[in-house]
Amino acid sequence: MKNRKDSSTPPAEQPSPRATGKRRGLVIVNTGDGKGKTTAALGLLVRAAGRGMRTRLFQFVKRPDTRFGEHVSLEKLEIPHQGLGDGFSWMSRDLDRSRELAAEGWAEAREAIAGGEYDLVVLDEITYPVNWKWIDSEDVLSSLRERPRHVHVVITGRDAPEALLALADTVTEMKKIKHAFEANVPAQKGIEH
Ligand code: ATP
Ligand code: MG
């Protein structure tokens, strides 16, 4: 696909021809240092739910009792979600416990992917426990390779491993141009949580 050099006039041609391949479940990765990785995954959950798709969200860093704005909204949409983490690692008192939670959470997520009862499964912030080796990356890759054909999996988190990027169908890097935190603006309800 060629990028238009001149964006000052409306395009006269359709940018890309119609795709002729078969539809199938995708692996979608949202990575990078900018804001929007989790937000975009939540957006896909909303979109898929609107199409009557069965969806589920696993959050690897959030604690099970976390209740952000998105959790209230997901409940209204009857989208199951669960926190599998112990919060931020620098706040955790017991990293062995955090590690155990991540492994248990992954076992559950792996089953949800393999079972085929969901059309879209989000593994939010799973790159962190994978990069810390709390979850075996080979196991994540094989679970993605062997999943039922219709299952879409969305993965978010910074520093997504190369092998995951290679396997994924759609990879987006949220690149930070600016972030309000740097101007000393704290996290806000409805925007960050
Ligand atoms: P969001 O949940 O807002 O889409 P994210 O998933 O892209 O953010 P994470 O790395 O998961 O980003 O961010 C955890 C928290 O840090 C979120 O509250 C997010 O808004 C905030 N954040 C995201 N990017 C940055 C950044 N570049 N600098 C500081 N804070 C950030
Ligand atoms: Mg996030």
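Numbering of residues begins at 1 and proceeds along the displayed sequence. Counting starts at 1 for both ligands and their atoms, in listed order.
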(message) Does Lys37 form a salt bridge (charged side-chain N to carboxylate O under 4.0 Å, His left out) with Glu125? I'd like the steps, not just the answer.
(response) CA-CA 9 Å; Lys37 300 174 288 295; Glu125 276 147 36; over 6 Å; no
(request) Answer yes or no: does an N/O atom from Glu125 fall short of 3.5 Å to an N/O atom of ligand 1? (result) yes
(request) Report the residues that fulfil side chain to side chain donor-acceptor pair (under 3.5 Å) with Tyr128, sequence neighbours left out, ordered by chain and then residue number. (result) none
(message) With a cutoff of 4.0 Å, is Phe68 in contact with ligand 1, counting heavy atoms of the residue only?
(response) no
(request) Return yes if a side-chain donor-acceptor contact under 3.5 Å exists between Asp136 and Trp106, otherwise no. (result) no
(request) Heavy-atom contacts with Tyr128 under 4.0 Å: which atoms of ligand 1 show up? List them by number with element. (result) 10 (O)
(message) Return all protein N, O or S atoms below 2.8 Å from the Mg ion (ligand 2), chain by chain in residue order.
(response) Thr38 OG1, Glu125 OE2
(request) Classify the side-chain pair His81/Glu70 by whether it contains a donor and acceptor separated by less than 3.5 Å. (result) no
(message) At under 4.0 Å between heavy atoms, is it the side chain or the backbone of Glu182 that contacts ligand 1, or both, or neither?
(response) neither
(message) Less than 3.5 Å apart, any donor N or O on the side chain of His71 or Gln59 sitting next to an acceptor on the other?
(response) yes
(message) I'd like to know if Asp33 contacts ligand 1, where contact means a heavy-atom distance under 4.0 Å to any ligand atom.
(response) yes
(request) Could you tell me which atoms of ligand 1, counted from 1 in the order shown, lie closer than 4.0 angstrom to a heavy atom of Gly34? (result) 7 (O), 24 (N)
(message) Under 3.5 Å, is there a donor on one side chain and an acceptor on the other for Asp124 and Thr38?
(response) yes
(request) Give a yes or no answer on whether the side chain of Glu111 reaches the backbone of Glu108 with a donor-acceptor pair at less than 3.5 Å. (result) no
(request) Answer yes or no: is there a donor N or O on one side and an acceptor on the other, between the side chain of Glu13 and the main chain of Pro15, under 3.5 Å? (result) no
(message) Using a plain distance cutoff, I'd like to know if Phe181 has any nitrogen or oxygen under 3.5 Å from a nitrogen or oxygen of ligand 1.
(response) no
(request) Check each heavy atom of Lys35 against ligand 1 and say whether those closer than 4.0 Å belong to the side chain, the backbone, both or neither. (result) both
(request) Pick, from His179, Glu192, Met174, the option with the minimum heavy-atom distance to atom 23 (C) of ligand 1. (result) His179
(request) Could you walk me through whether Tyr118 and Arg56 pass side-chain hydrogen bond (donor to acceptor under 3.5 Å, both in side chains), step by step? (result) CA-CA 7 Å; Tyr118 297 102; Arg56 184 158 171 186; 3.2 Å; yes
(request) Kindly determine whether Lys175 and Asp33 satisfy salt bridge (charged side-chain N to carboxylate O under 4.0 Å, His left out), including the steps that lead there. (result) CA-CA 6 Å; Lys175 181 179 182 305; Asp33 63 355; over 6 Å; no
(message) Less than 4.0 Å is my threshold; does some heavy atom of Ala187 fall inside it relative to ligand 1?
(response) no
(request) Could you tell me the separation between the CE atom of Met53 and the OG1 atom of Thr55, rounded to the nearest 0.5 Å? (result) 8.0 Å
(request) Mark up the atoms of ligand 1 that fall under 4.0 Å of a heavy atom belonging to Lys176, in ascending order. (result) 27 (N)
